[in-house]
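Have a look at the structure below, then the notes.
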Amino acid sequence: MRAMAAAFNRAHDEEGLAVHLTFFPDFQYTEKVSIASAAHDLPDVLALDGPTVAQFVDADLLQPIARYFTDEELADFAPTIRAQGTVDGTLYALGAFDSAMVLYYDRDLLAQAGVTPPPDFNGWTWDEFLAACARLKAASIDPVAMHMDDAGDEWYTYAFSPLIWSAGGRLIGDDGRVEGVLNAPGNVTVLRRWAEVFARDYAARAPIDPNPFGNGHTALDWTGHWMARSHLAVKGERLGAMPLPRMGDRPVAACGSWCWGLTRDARSPDLAALWLRWVTDPVRGIEPIIGANGAVPARRSAYALFPDYHAPPFGLFRHLQETAGHPRPRTPFYPTLTRHFAAALRDTAHGADPQECLNRAAHQIQNRVNRHHGSP
Amino acid sequence: MKQRLTIPRIVPWLFLAPALLLLGTFALFPLLRGAWWSLTNADLLRTDAAVWTGAANYSELLSDPRFRRAFFNTACFALMVVPVQATLAFFLALWVNRPERYWRWLRTAFFLPIIVSMPVLAVLWTMLYQPLRGGQTGLINALIGSIGLPAQEWLQQPHLALPAIAFMSVWQGVGFQMMIFLAGLQSLSRAQLEAARIDGAGAFQRLRHVILPAMRPSIIFVMTATLILSFRLFAQPYLMTRGGPEDATLSIIQFIYETTFLGRELGRASAGAMLFLLLVAGLALLQRAFAREVRS
């Protein structure tokens with residue numbers, strides 16, 4: 001990021017234009033932005049996590065950005081990236097990269113248990129996934145890592161909402177209704193079936209090892225693009241990747257990532273937008289970023305720069321982005337939603353009744369939404 | 001002598017000014033600001049658009065079952081920690097109150113958890129509390145398994161999580177209280193203890209009739225300090241259970257923190273903080289009244 005800013009500053013030296021980056025820890029993010037906002041001292045451009053765009057729009061901190069890009073350029077961005085930055089039909093944020101969730105597998109361990117992986121780009125149904133886990137377990141191999149040791153809330157919403165979406169469920173309605181939507185019978189069934197993975201001890205409820213798949217202890221790994229390089233380095237040819245198992249008819253993939261927006265306080269939006277264009281430019285922005293973080297390029301034209309993305313596992317990320325990507329809900333109440341939904345998932349995994357957990361979560365989120373609309 | 005008395009009246013204020021300025025800026029001003037916000041619908045990202053809502057935040061919070069749950073959890077935690085920690089600290093202090101040099105090592109060992117950062121301890125204890133699974137077993141489950149008791153999911157079961165966190169907190173904080181008791185014990189009059197021994201008082205009688213009465217101020221201080229500290233519970237449950245399972249370890253501070261930074265409801269969170277302040281101030285006043293009574 002620093003090298004990118006330096007390149008930008010060199011290129012705009014004659015115009016006297018420069019970018020000054022400020023970094024701060026993730027956990028201080030809302031605090032810093034709120035203080036800057038109260039003091040009318042926001043930076044011209046702001047990096048923000050995809051699902052939080054709507055709350056910053058709701059607080060009137062961002063301005064529309066579509067006019068700084070041509071229609072052709074906008075069409076070049078992955079639909080998932082455009083969708084996560086769009087609130088009520090207006091585009092407020094664009095990023096250089098996307099994310100992808102897959103089920104990695106170790107070919108040798110699957111073969112030992114007599115499990116055949118699906119053909120490339122195809123995933124298992126939930127029943128097929130459970131059957132594979134059962135065969136692995138019977139062969140004394142720990143089936144799958146679900147990373148339930150993750151302390152944050154976002155992992156749970158990000159990693160497991162695709163199951164709800166694949167079964168046709170939603171987390172929040174378009175009208176902001178949560179009760180009756182999040183705790184709908186379909187979602188309760190999804191959570192109940194999901195929890196079988198823990199009840200049958202196919203995945204650890206409280207693991208210590210953050211990377212049991214990489215360490216050779218599990219045959220499957222329910223995780224994201226960020227593990228591709230390290231898994232490839234350890235497993236080489238043995239590494240396979242397939243889409244996440246699905247509960248319904250259609251495969252759905254998690255997606256979304258950090259992106260950039262133009263703030264309300266930007267004094268010269270036209271100039272600030274130059275940085276936005278720079279970081280999302282395939283050569284100047286996307287190539288160095290993807291080279292560093294191994295994520296999924298946000299623009300179709302950028303794939304030409306990455307030959308890896310024509311074959312698995314990286315090719316699968318691209319396939320999922322184009323065919324199955326589903327952004328997380330765009331609501332100003334997302335942080336509250338993810339907090340309580342994550343708690344419902346955690347509690348369900350530990351044996352609590354999914355109906356009660358989802359009722360409790362839906363009630364808490366609905367209360368927050370109602371308070372916002374002045375109807376406690 | 002006369003000259004001393006004619007110091008201009010402003011001089012003491014000049015000496016006080018730095019402290020008053022700091023207190024005013026960093027304590028009084030935020031407090032008043034918070035009190036004001038608690039009476040509005042302030043949004044964390046849009047504080048200038050706050051609208052006066054009177055006592056609405058307070059009445060809503062007091063009738064919110066989740067806030068009451070956070071309050072109940074924190075009070076339960078305090079009720080578990082205060083008596084156990086104070087008693088344990090007292091007996092540890094009696095035990096290590098010996099003049100020989102090597103006892104110092106033991107004192108240091110008991111005090112050590114105080115100076116280790118809480119997040120580190122939280123990760124460590126999460127591992128110690130690991131449930132039984134395959135080859136991975138936390139030390140605590142391994143220990144209770146070795147005496148024939150069944151392994152438990154300490155941090156994952158609603159009825160066990162808060163006691164498990166309280167146990168860890170007692171272990172972490174007991175060294176501090178032990179040091180206070182130790183200071184109290186070392187200032188006891190040796191002559192009085194000698195006299196009691198010569199009069200034929202046994203160990204228990206000496207404890208009951210000599211040590212305990214003399215230690216009363218230390219005991220009251222330790223009890224109330226622990227009470228107030230335990231109401232400030234946040235880091236352990238936030239890091240070990242995220243307030244779960246099923247809100248069983250949700251603390252008042254976590255409730256306020258999440259209302260501010262996840263819900264952006266600064267007004268509501270400020271009202272929670274004000275109620276919390278009243279509670280802790282009430283406890284502190286109670287302590288002063290109690291201490292005064294004991295002294296008289």
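Below, chains carry the letters A, B, ... as their sequence lines are ordered, and counting in each starts from 1. These values consider heavy atoms only, across backbone and side chains, with no hydrogens, waters or symmetry-generated copies.
Checked for salt-bridge contact, B/Asp247 and A/Arg360 miss the test: no charged N lies under 4.0 Å from a carboxylate O.
Proximity to chain B (any heavy atom under 4.5 Å) is restricted, for A/Gln364, to the side chain, taken from C-beta onward. Heavy-atom distances place no part of A/Asp149 under 4.5 Å from chain B, backbone and side chain included. Of the atoms belonging to A/Ala38, heavy atoms from both backbone and side chain fall under 4.5 Å from chain B.
Atom CZ of B/Phe176 has 12 or fewer heavy atoms from other residues, nucleotides or ligands within 6.0 Å. The neighbour count for B/Phe71 CZ, taken as heavy atoms of other residues, nucleotides or ligands under 6.0 Å away, does not exceed 12. Atom CZ of A/Phe24 is surrounded by more than 12 heavy atoms from other residues, nucleotides or ligands within 6.0 Å. Counting heavy-atom neighbours within 6.0 Å of B/Phe234 CZ, excluding the residue itself, gives a total above 12. Residue B/Arg232 qualifies as open at atom CZ: its count of foreign heavy atoms under 6.0 Å is 12 or below.
In terms of heavy atoms, A/Ala352 sits closest to B/Glu246 at CB-OE2, 3.2 Å.
Considering CZ of B/Arg46 and OG of A/Ser34, their distance stands at 13.5 Å, rounded to 0.5 Å. Expressed to the nearest 0.5 Å, how far CG of A/Asn367 lies from CG of B/Asp64 amounts to 7.0 Å.
Of residues 332-340 of chain A, those residues with a non-hydrogen atom less than 4.5 Å from any non-hydrogen atom of chain B are, in numerical order, A/Pro332, A/Pro335, A/Thr336, A/Arg339, A/His340.
Of the listed residues (B/Met127, B/Glu258, B/Arg66), the one with the most heavy-atom contacts under 4.5 Å to chain A is B/Arg66. The candidate from A/Asp347, A/Thr30, A/Asp60 with the greatest count of non-hydrogen atom pairs under 4.5 Å with chain B is A/Asp347. When B/Gly244, B/Gly263, B/Pro158 are compared by the number of non-hydrogen pairs under 4.5 Å with chain A, B/Gly263 comes out ahead.
Side-chain contact check for A/Arg368 versus B/Glu265: some heavy-atom pair is nearer than 4.5 Å. Within the 4.5 Å cutoff, the side chain of B/Gln156 has no heavy atoms near those of the A/Arg205 side chain. For the pair B/Leu44/A/Glu31, no side-chain contact is recorded, criterion being any heavy-atom separation below 4.5 Å from C-beta on.
One side chain, B/Asp48 or A/His40, offers a donor N or O that lies under 3.5 Å from an acceptor on the other.
For B/Phe67, the ring-ring contact (aromatic ring centres under 6.0 Å, His included) criterion is met by B/Phe255, not counting sequence neighbours.
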inquiry  = B/Thr241 vs A/Arg346, test: side-chain contact (heavy atoms from CB on, under 4.5 Å). Steps then yes/no.
reply    = CA-CA 10 Å; B/Thr241 59; A/Arg346 266 194 291 253; over 6 Å; no
query = Going through the distances and angles, do A/Arg371 and B/Glu60 end up as a side-chain contact (heavy atoms from CB on, under 4.5 Å)?
reply = CA-CA 10 Å; A/Arg371 280 198 300 274; B/Glu60 222 176 74; 2.9 Å; yes
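Residue pairs meeting the side chain to side chain donor-acceptor pair (under 3.5 Å) criterion with at least one member in residues 157-176 of chain B, sequence neighbours excluded, are B/Glu153-B/Gln157, B/Ser169-B/Gln236. Residue pairs satisfying the side chain to side chain donor-acceptor pair (under 3.5 Å) criterion with at least one member in residues 110-119 of chain B, sequence neighbours excluded, are absent.
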